[in-house]
Peer 1: 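What follows is a structure written as structure tokens; I'll ask about it next.
Proteins come first, then strands; the chains are lettered A, B, ... in the order of their sequence lines, and each starts at number 1.
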2 protein chains.
Amino acid sequence: MSGSNGVAKEVVASKKVSRRKGDLYSAQCPSRGVLDHVTSRWGVLVLILLLDGTHRFSELRHKVEGMSEKMLAQTLQALEADGFVLRKAYAVIPPKVEYSLTAMGREVTERVKMLATWIEQNLPRVAQARAKLGRE
Amino acid sequence: MSGSNGVAKEVVASKKVSRRKGDLYSAQCPSRGVLDHVTSRWGVLVLILLLDGTHRFSELRHKVEGMSEKMLAQTLQALEADGFVLRKAYAVIPPKVEYSLTAMGREVTERVKMLATWIEQNLPRVAQARAKLGRE
DNA sequence: AGTGTAGCTTACTTCAAGGTATGTACTTAC
DNA sequence: GTAAGTACATACCTTGAAGTAAGCTACACT
């Protein structure tokens with residue numbers, strides 16, 4: 001994060017602008033919003049599903065257990081707005097809409113998936129740690 | 001109020017819980033809880049800070065601007081319970097407590113950081129996508 | 001005529017995350 | 001004696017994220 005470039009340089013001149021080192025630690029950093037979308041409860045699941053390929057709205061809704069239509073629509077819109085998801089609507093009745101990942105979307109999702117996969121695979125270790133700490 | 005929730009019904013049916021590829025898509029999967037802790041608003045920041053090395057409570061609080069003491073304590077406890085963070089308290093006055101990552105914590109955090117770094121570095125692309133979609 | 005369908009939108013409600021404010025235990029410094 | 005520092009706990013309250021439910025479109029089927 002703060003590694004890419006130096007500490008605050010020219011920022012000093014401005015008024016209320018953040019004098020932060022890494023902007024991740026400043027509350028009004030836009031990275032935070034994107035991170036929130038990508039790591040949101042439903043966002044993670046939708047993204048990883050789309051890594052397999054194009055899916056229709058109803059397919060996604062059916063696959064992700066417990067997600068309401070409202071949340072699916074909302075999640076997809078946020079991810080589309082960020083340029084991670086591509087929406088392709090066909091002018092037919094009943095409606096048909098296909099969702100897929102953009103190139104950018106695939107890049108983030110790969111990283112998201114790495115994280116998710118690690119957690120799934122290491123869940124036993126976490127459970128063990130939990131049990132151990134619970135005893136003490 | 002009338003309908004407690006629709007999810008519960010589906011869950012009851014199967015004893016052999018998840019025969020899915022990843023149980024991430026089933027609502028009651030413990031992976032989600034861990035994922036939520038790790039990718040939570042404050043969790044991400046605390047973890048990445050701890051990747052640099054041991055920090056005291058007050059140091060963390062000071063570095064992550066906008067985080068209340070309550071949230072810091074809560075976040076640290078969740079991460080400690082999951083076995084990602086090690087808490088070391090010294091019996092001195094005034095109190096001194098040091099927090100660091102466990103081996104497991106370092107593994108997850110590296111993945112979290114990869115994701116966070118990607119987002120920070122590709123923020124311009126996201127902004128561009130946002131502007132483009134906004135026009136249409 | 002009525003029903004179903006896919007992909008939403010909108011209105012209403014609920015619940016928990018998170019903010020604020022305070023207390024505590026103990027010591028050192030003023 | 002009182003203020004300040006440290007690492008919390010606890011109670012209270014606000015905000016917003018997410019659930020529920022209904023409506024909408026426009027055609028095709030019965």
Side-chain angles (χ1 to χ4, degrees), chain A residues 27-28 32-46 49-50 54-81 85-100 133, chain B residues 1-11 25 27-28 32-46 49-50 54-81 85-100 133:
Chain A
Q28 52 275 71
R32 290 287 288 277
V34 179
L35 190 66
D36 281 349
H37 292 161
V38 162
T39 65
S40 72
R41 182 166 167 202
W42 304 119
V44 179
L45 303 177
V46 169
L49 269 183
L50 288 179
T54 299
H55 285 77
R56 295 187 59 174
F57 186 90
S58 51
E59 285 173 357
L60 293 170
R61 181 187 178 344
H62 191 249
K63 291 207 176 187
V64 185
E65 225 174 274
M67 178 170 47
S68 63
E69 289 189 355
K70 177 189 156 192
M71 274 302 108
L72 178 53
Q74 203 170 295
T75 302
L76 285 169
Q77 281 164 9
L79 294 174
E80 193 198 354
V85 161
L86 184 71
R87 193 189 111 111
K88 198 171 183 179
Y90 297 86
V92 295
I93 298 286
K96 175 176 179 178
V97 182
E98 286 181 349
Y99 290 94
S100 57
L133 289 171
Chain B
M1 212 160 328
S2 44
S4 40
N5 47 21
V7 185
K9 302 174 197 165
E10 307 167 20
V11 174
Y25 294 99
Q28 77 285 7
R32 278 201 194 170
V34 180
L35 190 65
D36 281 350
H37 292 161
V38 162
T39 64
S40 72
R41 183 166 166 199
W42 305 119
V44 178
L45 303 176
V46 169
L49 269 182
L50 288 179
T54 299
H55 285 78
R56 297 187 58 176
F57 186 89
S58 50
E59 285 173 356
L60 294 171
R61 192 199 161 206
H62 191 249
K63 291 206 176 188
V64 185
E65 193 194 336
M67 180 169 47
S68 63
E69 288 190 355
K70 178 188 160 193
M71 276 302 107
L72 178 54
Q74 203 169 297
T75 302
L76 285 169
Q77 281 165 8
L79 294 174
E80 192 198 356
V85 161
L86 185 71
R87 193 189 110 109
K88 199 170 183 180
Y90 299 85
V92 296
I93 299 284
K96 174 176 179 177
V97 182
E98 286 180 350
Y99 291 94
S100 57
L133 288 172

Peer 1: Look at all strands and tell whether A/Arg41 reaches a base, only sugar-phosphate, or nothing, counting heavy atoms closer than 4.0 Å.
Peer 2: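 Sugar-phosphate contact only - A/Arg41 comes under 4.0 Å of backbone atoms but never of a base.
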Peer 1: If you pin A/Ser40 and B/Gln77 to their nearest nucleotides in DNA chain D, which one's is more 5'?
Peer 2: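 Taking each residue's closest nucleotide, the earlier one in sequence belongs to B/Gln77.
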Peer 1: Select base, sugar-phosphate, or nothing to describe what A/Arg61 touches, counting heavy atoms under 4.0 Å on all strands.
Peer 2: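 Result for A/Arg61 = nothing.
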Peer 1: Would you kindly compare A/Ile93 and A/Phe57 by the position of their nearest DNA chain C nucleotide and give the one closer to the 5′ end?
Peer 2: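 Its nearest nucleotide being more 5', the pick is A/Ile93.
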Peer 1: Which part of the nucleic acid does A/Lys70 contact within heavy-atom distance under 4.0 Å: base, sugar-phosphate only, or nothing?
Peer 2: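 The answer is base, as A/Lys70 lies within the cut-off (heavy atoms under 4.0 Å) of a base atom.
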Peer 1: Does A/Met71 or A/Pro95 map to a spot on DNA chain D nearer the 5' end, using the closest nucleotide for each?
Peer 2: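 Closest to the 5' end, via its nearest nucleotide, is A/Met71.
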Peer 1: For C/dA6, does either OP1 or OP2 sit under 4.0 Å from a side-chain N or O belonging to A/Arg56?
Peer 2: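 Answer is no, no contact under 4.0 Å.
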Peer 1: For C/dG19, does either OP1 or OP2 sit under 4.0 Å from a side-chain N or O belonging to B/Ser68?
Peer 2: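 Yes.
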Peer 1: I need the CD-C1' distance between B/Glu65 and C/dG19, as an integer number of Å.
Peer 2: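 Taking atom C1' of C/dG19 as the reference, CD of B/Glu65 is at 15 Å.
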Peer 1: Would you mind classifying the nucleic acid contact of A/Tyr99 as base, sugar-phosphate or nothing, using non-hydrogen atoms under 4.0 angstrom?
Peer 2: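 Counting heavy atoms under 4.0 Å across all strands, the contact made by A/Tyr99 is with sugar-phosphate only.
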Peer 1: Nearest whole angstrom, please: distance from the P of D/dA7 to the CD of B/Gln74.
Peer 2: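 It works out to 18 Å between those atoms.
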Peer 1: Stepwise, does the side chain to side chain contact (heavy atoms under 4.5 Å, CB included) test hold for A/Arg41 with A/Met71?
Peer 2: CA-CA 10 Å; A/Arg41 182 166 167 202; A/Met71 274 302 108; over 6 Å; no
